[in-house]
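Notes to accompany the following structure.
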Amino acid sequence: ASPSAVSEPESLKSLVEAGKLPPMAERLPKTPRVIALTGPETAPGRYGGTIRRLISGPREIRYMPIDSYSRLIGYDRSFNLVPDILAAFEVQDERVFTFHLREGHRWSDGNPLTPEDFRYVWEDMFHDKKLYKGGIPNLFRIRDKEPRFEVIDALTVRYSWEDPNPDFLAELASPVATRLMMPSAYLKQFHRKYQSKERLEQLAKENGVEDWVALHQKMSRTVRPENPELPTLDAWMPRTSPPAQQFVFERNPFYHRVDENGLQLPYIDRVVLNVGSGDLVPAKTGTGESDLQTTNLDFADYTFLKSAEKRYPIKVDLWKRTQGSRVALIPNLNCKDLIWRQALWDVRVRRALSIAVNRDEINKAVFFGLAQPSANAVLPESPLFREQYRQAWAGFDPDEANRLLDEAGLARESRYGMRHLSDGRPCNIIIETTGEAGFESDVLELISDHWRRIGIRVFVHVSHRELFRRRIVNGETVMAVWWGLDNGVPTADMSPRELAPTADDQLQWPLWGLHHLSGGGDGRPAELPEAQKLLDLYHEWRRAAALAEREGVWHEMLSLFTDQVFTIGLVNGTLQPIVHSKRLRNVPEKGLYGFDPTSYLGVYMPDTFWYEGEA
Amino acid sequence: MLRYILWRIAVMIPTLIMISMLIFTIIELPPGDYFESYVEEMRAIGEKADMQEIDELRARYGFDKPAPLRYFNWITGFAHGDFGYSFEYRLPVAAVVGDRVWLTILVSTVTIALTWLIAFPIGIYSATHQYSWGDYGLTLLGLIGIAVPNFILALVMMYFANIWFGISIGHLMDPEFLGKPMSWAKMQSILEHLWIPVIIIGTAGTAGMVRRVRANLLDELNKQYVMTARAKGLHPFKVLIKYPLRLSLNFFISDIGSILPSIISGAEITAVVLSLETTGPMLIRALQNQDMYLAGSFLMFLAVLTVVGVLVSDIALALLDPRIRLQGGRSK
Amino acid sequence: MIDRPSANGQAVAHYVSDAPFDPHAEERREYKGKSRLAEASQLRLTWWRFRRHKLGLYSAILLLSAYLLITIVEFVAPYNVHSRHVDFIYAPPQQVHLFHDGAFVGPFVYGRTMTLDMDTLQRHYADDPAQVQKLRFFCEGERYLFWGFIEGNRHLVCPAEGGQMFLMGTDRLGRDVLSRIIYGARVSLTIGLLGVMTSFVLGVVIGGLAGYWGGWFDLIVQRITEMLHSIPSIPLWLAMAAIMPADWSPLVVYLGITFILGLLDWTGLARAVRSKLLALREEDYVLAAQMMGAGTARIIGRHLIPGFMSHLIASATLTVPGMILGETTLSFLGLGLRPPITSWGVLLTEARSVNVIALYPWLLWPVVPVIVIILAFNFMGDGLRDAADPYK
Amino acid sequence: MVERSDLLSVDRLGVRFPLIGGSLEAVRSFSMRVKPGKVTALVGESGSGKSVIGRAIMGIETPIASTEGRILFHDPATDQEVDLLKLPRDGRQARHIRGNRIGMIFQEPMTSFSPVHTIGNQIEEVLKIHRVLDGAERRRQVEDMLGLVGFEKPDRVFDMYPFELSGGMRQRAMIALALICRPALLIADEPTTALDVTIQAQILKLLKELQDKLGMAILLITHDLGVVASLADEVVVIYRGEVMEAGPVEVIFRNPGHAYTRGLMAAVPHFDMAPGERLKPLREIRTDAKALLSACAAQPQPTSPVLLSVRNVTKTFLPKSASGFFSRASDRVLAVNDVSFDIKAGETLGLVGESGCGKTTLSKILMRGLSADSGSIIYHGGDGDIDVLAAGGRALKTLRSRLQMVFQDPVSSLSPRMTVRSIVSEPLQIHERAEGPERMDVVRRLIAAIGLPESALGRYPHSFSGGQRQRIGIARALALRPDLVICDEPVSALDVSVQAQILNLMKDLKSELGLTYLFISHNLAVVNYMADRVAVMYAGRIVEIAPCEVIMRRPVHPYTKKLLAAVPMADLDHPLDFALIGEPSAAAKKKWARHFHDEGDPANLAHADLGGGHLVLARRTVDARELLS
Ligand SMILES: Nc1ncnc2c1ncn2[C@@H]1O[C@H](COP(=O)(O)OP(=O)(O)OP(=O)(O)O)[C@@H](O)[C@H]1O
Ligand SMILES: Nc1ncnc2c1ncn2[C@@H]1O[C@H](COP(=O)(O)OP(=O)(O)OP(=O)(O)O)[C@@H](O)[C@H]1O
Ligand SMILES: [Mg+2]
Ligand SMILES: [Mg+2]
Ligand code: NI
């Protein structure tokens, strides 16, 4: 059907009639992105309705751009990279990236999206010494060299490096992508280059900030869409400025996607986020106060929510979480305590600790037996999955564990006595936890039981998240509870950086990660050869141009990582309740739930969700 | 008296300075700062924070400076009405607190008024009818109110209020009124929701008040002057109100100092559980996020109220019982 | 023979009693209990009066037994605190029966069968009438370490061999709620007492001195209370949580928390005591005591505080629940007691979700002992109050 | 025949108090009546149940007491007879009668007022309840009444708080409260105990007038037989809750029938007692004074002839009502004004004076219960001199054991929550005298010496009669065997017999142990009996001080003269001449001779020495002979 024949969304009709908004045909790009909805689970829908969601704090409005997931390039459900905002893109040797814009694509304020918006970011923002004090973001530097940015024509831009940058596209497709373009028409009024000093000062004052830098930062924030004025390319645009208890998002009339019938997406007119205590979210969801709820729900709430299905028009689905391990014990290989460090560096100890855990019991007691006992590794949904990784040192064998520990020199007087470290101290492990997830304390309780059998006593220490991480980085803790790999469903194209010491937020080797991150300036080099090997492999992956080569590196890393038990994964594939209104269509019954790479709901495209029946 | 009040007001200034130092230390005590917790929050959902921006913010707000300097800046800002800046909301503190204060005052005053309205008659009844069924019954009820933690009470009440009356769980109004300007319908919705927090916050307070009124009254009931008053032919109820009750109010008056701030801060934990749009949850969040100026300024506000409240309580005390000499030492 | 000496308006006849005059009758005035009264010290008198207050007495006995019980929880509880029964997760309470098929069997429970509803993931338990599991008394059951070092396995009551007995149901790890409540008493009852004591000693002493001395001391104390008062406890807790050393054992943390609960709680009481004493110190009997040469401690302790006893007792009984449950507030902030330490507050905190209220209400059982203990404290307080009340 | 009822007839009244493990029958089968417009006196020993009867009539006895019998009140205004005991406790009818038709003056005026309401407020309230008047009118009436009971500045008293008034002033306020509604029956429970004789006469005159004018009947409970003789028409003698004798006042006084009555009469102290003559109590308690206090360590005897020297002591009070937001210095009350005197070791110094003249204030200053504005007090003890006003530490502690005080108000000076046993043994405990059983022995002997049964030890102060409480106070003061006892009206609440008993005891202690007393009393006969020297105070100053006989026989100061004239005698032949002595003291002062007036400047007056230790406050310019003439 031709776009003109398709009716306007009800909510925009009056505006269009009043001439405040051009008709749909003019709002859409010449070639909008057409989303086919004729799958077995999906169907093209119709306009209208409001989705109410619950968030536990104003910060959580940041889920909106993640869920909305309009990116230059994004993943589809099978994790292939597809152009989204872009009409097309070309990659040359992983070095030269050419992006073609859609003709007639507009920001939500009606201004066209042009290469000028890319240039503005590149030149006026990244290269402004005030705005970016430390220079352009790290992502753009390969071997300390910047790419060349070119505007090829009115619809084309290009970034070219001398060395391959295989992470680049994945970064653009990530849930919180670095923005290469910004609505320059709007932002220029806040930039010193385009605005008079006096006016800037006045604007800064009006907005309660100190100078134009803060002003520009404040007005251009996209991570938390707090500025309703800031034009966006997302499906819904923010309509509320904080502080508020309710955040309203309305459809972006210039959004670039249409369904196969030519209806401009999103179907849903409004998304309303209500702020409330996180503890109350399950209860409120259970009384039908949320039309689409994914966050702040825990697996333990499932039974309750399911029982609420009878009373309220809601539907509860269970999706699979993508983490490599829902709960994992992370030994701190950089801990200050020399004796413990030595012990933990001994792979036998790590392995022993791992096989002393009865994962089946944990699965049964805490996850209804619905999760999968596993080492911290990739899920079967990933093309990289191998049974061998899952089972690496993930069986339950206390005898073997005891033997390994004996061998490693953690002596034990009697069969039931407690083990001692080499300096004679008893083997008491203080496990650090944030205590945020309720089941963590249950899991820890089971683990203290399991480990008592191998002569190790467990103490639990709870600290707030900031403190938690700080203590680990400072090496004050020996072990922590966290989750495993963020991305448990990688493809060979995705970066294996999580497996190697590449970042300082990796709890098993924060210092080694920092060393790499800071280019050797800070932290310490990976002191274990195996860890160093992982790092080398990672670099190899970055250099690899061919897919098969990358796959090879991935497998090598996975097998080394799991065999060395750098992290003690417990269970993965746990389930996440997803609650949505019964009338809300196109929400898949089964799905993968996680930040990376699915962007939570992002790859399932909430803009295609629609209400069946009367609104 | 006037001299006493002036003297006390003069003493307030050093007190408040001490308190401000204390508050500042307490807020500083947890390691890290807002930006660290901000980074953590981002990490929690998998984001990477832009460390550059953070470092910049740190420098901008003087977090690279020593603590005493920051304290000094903060406290001098106070003097010219600048209460600091909320990192979390990216707004001046005054703008953040905004209309939450009014809702808080609404909830608190209704609760406190109700507490008194219920507690005093019951307390008087319990004291004058000691060991009657009424006394036992009300005691039992009140103590159950005390013995059940507020959060459980809150959850149970919300759950059943929803199941039985269809009242939406938590909040002070139906979601559709959130962030809307005040209207008749919104007011109605607020009133509909108000009773749950009021009951929950009120129960423990009421029961405690009942027991204290009862205890203090029992002590006064047998005094000679009660007999005198009865000998005048005064109605027993009036006797009670005018004489023993007034003398038993001492404990109550002495507590005024904490009432004032509690009107503003509200019952934080309950408010968190109930997701009330009051200042309590905001304060806790600010504390947890180390949004230090927001938390600090709010605490400072409470402190001023406390100090004023204590003064009011002392003056009321002297008015209540003319024998009391606030200034004098042990002997006359 | 007393005639009404009022011959209605007539001049009164001179009436003289024919009773002989015994000038020493008064000293010999006898009535029951005279000698006891004379002998008894004030403490004993109070005790006698307290004894007459039945409810108070029973409450005192109940409390005493409760405090005795916490010394032998290992024996009283049928299971250990941490014993899990993975096959009996979220099992509702079992009923104790006496008769099976109309025949007397003695106390027993029926065995249980569990079905898992795969749709809602809910466990359904049903009594299996075929399995009659007789309870055993003074039996050998789970092994435990009495007070952490003496091994034992005797229990007051245990399930049949191979059977289960969850009289108050089980929690999410299949732990027996009843046993956990019994173990929890150990921490909760002592924390309440310790905290109340700390706060009372401080409140009464400091408030008492401020009220009695007045002047500079009062000024300083008032400023300090103002300071403590003006900082809500929550930021304090958060600061505490941050600086609490990580390797403190749970026990030390627990003691510390109790102590701090007490340390923070005294200001309100101190102010109440002070205000009251400011009025009471003007009484003549205080002057009398001063003239006798009584020291400050004696005047406050023996003359002033008794006049404020009712309030103190009421406050104390009201503070106990605050202390027992105080840690629940703390756990909201990530501080406070945590497993493996078990207390009523911990148990209730764990029950903090709609799921529990909607699906597993028996996890709210720990509320009951809290209520009972508080009632007992209260009625005992009433009894004490009345016993110390001279007018009663 | 139309029965002309009695106003009040009590028929077989019984009152019983529960005590631990038993009960105490305070009143048994007691009958009496009060005729309209007449005064019936109820006399009897301390603790015999008089106050209980009064309270029972008002229906305000504590609820724990059980009563039986009938109390018929026949209200002349409505001509209806009601049984007061049967009325609902605080019902409308009972309330209508109370305060309105029956007024009551409580025995303990000091504690009967609420401490936090002004005097005026509390008196006015009665009018508010029973009369329909506007505020200004009420205030006027109350002030009138306050003036009638002898206040010089009623408008100021109206706004004062009870604790700012002296004992006698409070008693007068209490009288005003009882009379404000002009009741048909007034129950006056020891209405004049705290009043000096001049004011007492004034009050009695007022009562008499009201009685004549309004036909008010009075149930007069008193132990002062002098007052009885002057006022009563009929007398009922009660002993241990039972009527011993009843009849017209003539008969009882001239021809007492019962041994008890006769004994009472004999115990009255009178002015013409020979020096050294002992009072004759009904029962002589022969206590060996030495043994009584032997347990207490013997203390070094004071060596100096002067035990306590007081120099230029001054004290002012700032009234509360004036200490509001704006205080004026002019409102200050000069309670003690430049007082100097010595107390010699081993003597008894009597201190008499008008109600409210500063006696209690002075005595509290001596004890350091109040701080003086200026002046000095030196105690010349056995072990060196101690500056009383500045002493601290050990010296103070010594002082506290050497000086003791019997308070004017026995109720409020006993801790309400301590048993008698704890109260009496407390000073021993503090000063670590006698241990354990020995201490108990001392306590027991003391209690016996003041005539209380041993069972009293386990009771609380509130359950005693006024006189009993007063005796407990005395026992406590004596417990430490002090050098100097300051007795502020120690026997005002005691009937003549018990009074005789106590006075004898004190005298014995004095002669055997060399105790020194400062004896404050309104009862001049008692002062005459006890004192070696007497000081007379007026308006904060000592106006005359001289040996006892000199004061009693040859007073110089006009105030002293007036005092002596106002003493009521327990003798029907010497009734008080109300017309003469009942005039207010302000009026009387105007008649004083010129040289006793200060004419606005206190400095005009100084003590003139008349020889023999006889000092009189007079104009500096006047010489002694002029005064004596
Ligand atoms: N509330 C009470 N509880 C117990 N005994 C009481 C109570 N009130 C009075 N009594 C006792 O009753 C008796 C009579 O007391 P009451 O006060 O009538 O004596 P009284 O004749 O007025 O003596 P006084 O002249 O000393 O005032 C006393 O022995 C006293 O101890
Ligand atoms: N606390 C006080 N505040 C203000 N004025 C007071 C206070 N105490 C006493 N006065 C005043 O001081 C004066 C002296 O009182 P004081 O009690 O010494 O009299 P008193 O001689 O003992 O009289 P009484 O014989 O009536 O007991 C009175 O006018 C009284 O009103
Ligand atoms: Mg009496
Ligand atoms: Mg006096
Ligand atoms: Ni679905």
Side-chain angles (χ1 to χ4, degrees), chain B residues 1-9 127-132 215-216 218-250 252-253 315-332, chain D residues 55 58-62 89-92 94-106 108-118 121-123 125-126 128-130 161-164 174 177-178 180-181 187 315 317 320-321 323-327 364 368-371 411-412 416 462:
Chain B
M1 200 50 142
L2 196 63
R3 267 185 56 201
Y4 176 73
I5 295 174
L6 289 177
W7 153 243
R8 276 291 300 272
I9 291 176
T128 48
H129 299 76
Q130 211 191 353
Y131 302 132
S132 64
N216 281 281
L218 278 177
D219 275 355
E220 295 294 330
L221 280 182
N222 289 303
K223 295 274 170 75
Q224 175 77 28
Y225 59 77
V226 181
M227 198 184 272
T228 312
R230 286 183 56 221
K232 290 179 197 169
L234 194 57
H235 189 280
F237 179 71
K238 290 193 187 144
V239 172
L240 211 63
I241 298 300
K242 181 165 177 188
Y243 296 103
L245 187 65
R246 168 152 173 200
L247 273 130
S248 65
L249 278 189
N250 195 302
F252 171 73
I253 300 286
I315 294 171
L317 214 54
L319 293 181
L320 176 87
D321 192 334
R323 288 172 300 175
I324 289 181
R325 296 169 294 121
L326 288 171
Q327 271 165 305
R330 158 171 35 166
S331 64
K332 281 179 250 194
Chain D
R55 287 199 295 266
M58 286 300 271
I60 51 173
E61 191 52 275
T62 69
R89 201 171 141 77
D90 277 319
R92 173 185 283 274
R95 290 200 322 266
H96 176 73
I97 292 174
R98 278 183 214 153
N100 187 21
R101 305 308 303 151
I102 307 181
M104 181 155 181
I105 301 170
F106 287 96
E108 267 118 7
M110 331 271 302
T111 26
S112 295
F113 282 105
S114 150
V116 300
H117 296 87
T118 58
N121 177 313
Q122 298 188 53
I123 299 178
E125 191 176 32
V126 189
K128 231 189 223 159
I129 303 166
H130 299 293
Y161 290 98
F163 63 91
E164 295 174 297
M174 185 83 232
L177 188 148
I180 191 80
C181 271
I187 301 172
K315 170 80 182 175
F317 286 110
K320 268 283 165 176
S321 50
S323 68
F325 282 90
F326 308 99
S327 43
K364 282 187 179 165
R368 263 198 45 181
L370 286 175
S371 55
V411 187
S412 65
H462 76 94

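Just so it is clear, the model here is predicted, and its values are computed rather than measured. Keep in mind that the numbers below use all heavy atoms, side chains included, and drop hydrogens, waters and symmetry copies. First the proteins, then the strands, lettered A, B, ... as listed; each starts at 1.
- Residues that satisfy the ring-ring contact (aromatic ring centres under 6.0 Å, His included) test with D:H130, not counting sequence neighbours, are absent from this structure.
- Contacts of D:H117 with chain B are made by side-chain atoms alone, with heavy-atom separations under 4.5 Å and no backbone atom involved.
- The two residues D:M58 and B:A231 make their nearest non-hydrogen contact at CE-O, 3.4 Å.
- More than 12 heavy-atom neighbours from other residues, nucleotides or ligands sit within 6.0 angstrom of OH on B:Y131.
- Nearest approach of D:N121 to B:K242, heavy atoms of both residues: OD1-NZ, 2.6 Å.
- Side chain of D:S114 to main chain of B:Y225: no donor-acceptor pair is present (N/O by atom type, distance under 3.5 Å, no hydrogens or angles).
- When each of D:T111, D:I180, D:V411 is scored by its heavy-atom pairs under 4.5 Å with chain B, the top score falls to D:T111.
- Within the 4.5 angstrom heavy-atom criterion, no atom of B:K223 approaches chain D.
- For B:L234, the parts lying near chain D are the backbone and the side chain together; criterion is any non-hydrogen pair under 4.5 Å.
- Heavy-atom minimum distance, B:P322 versus D:P115: CG-O, 3.8 Å.
- Looking at D:I129, only its side chain comes within 4.5 Å of chain B, counting heavy atoms on both sides.
- Residue D:I97 does not touch chain B at all, counting heavy-atom pairs closer than 4.5 Å.
- The residue among D:R92, D:E61, D:R89 with the most heavy atom pairs within less than 4.5 Å of chain B is D:R89.
- You'll find the side chain of B:N222 stays beyond 4.5 Å of the side chain of D:H462, heavy atoms only.
- Among residues at least two apart or in separate chains, salt bridge (charged side-chain N to carboxylate O under 4.0 Å, His left out) pairs with a member in residues 230-241 of chain B are B:R230-D:D90, B:K232-D:E125.
- Minimum interatomic distance between D:M174 and B:T228 (heavy atoms only, all atoms of both residues): CE-CG2, 4.0 Å.
- Within the 4.5 angstrom heavy-atom criterion, only side-chain atoms of D:F106, from C-beta onward, approach chain B.
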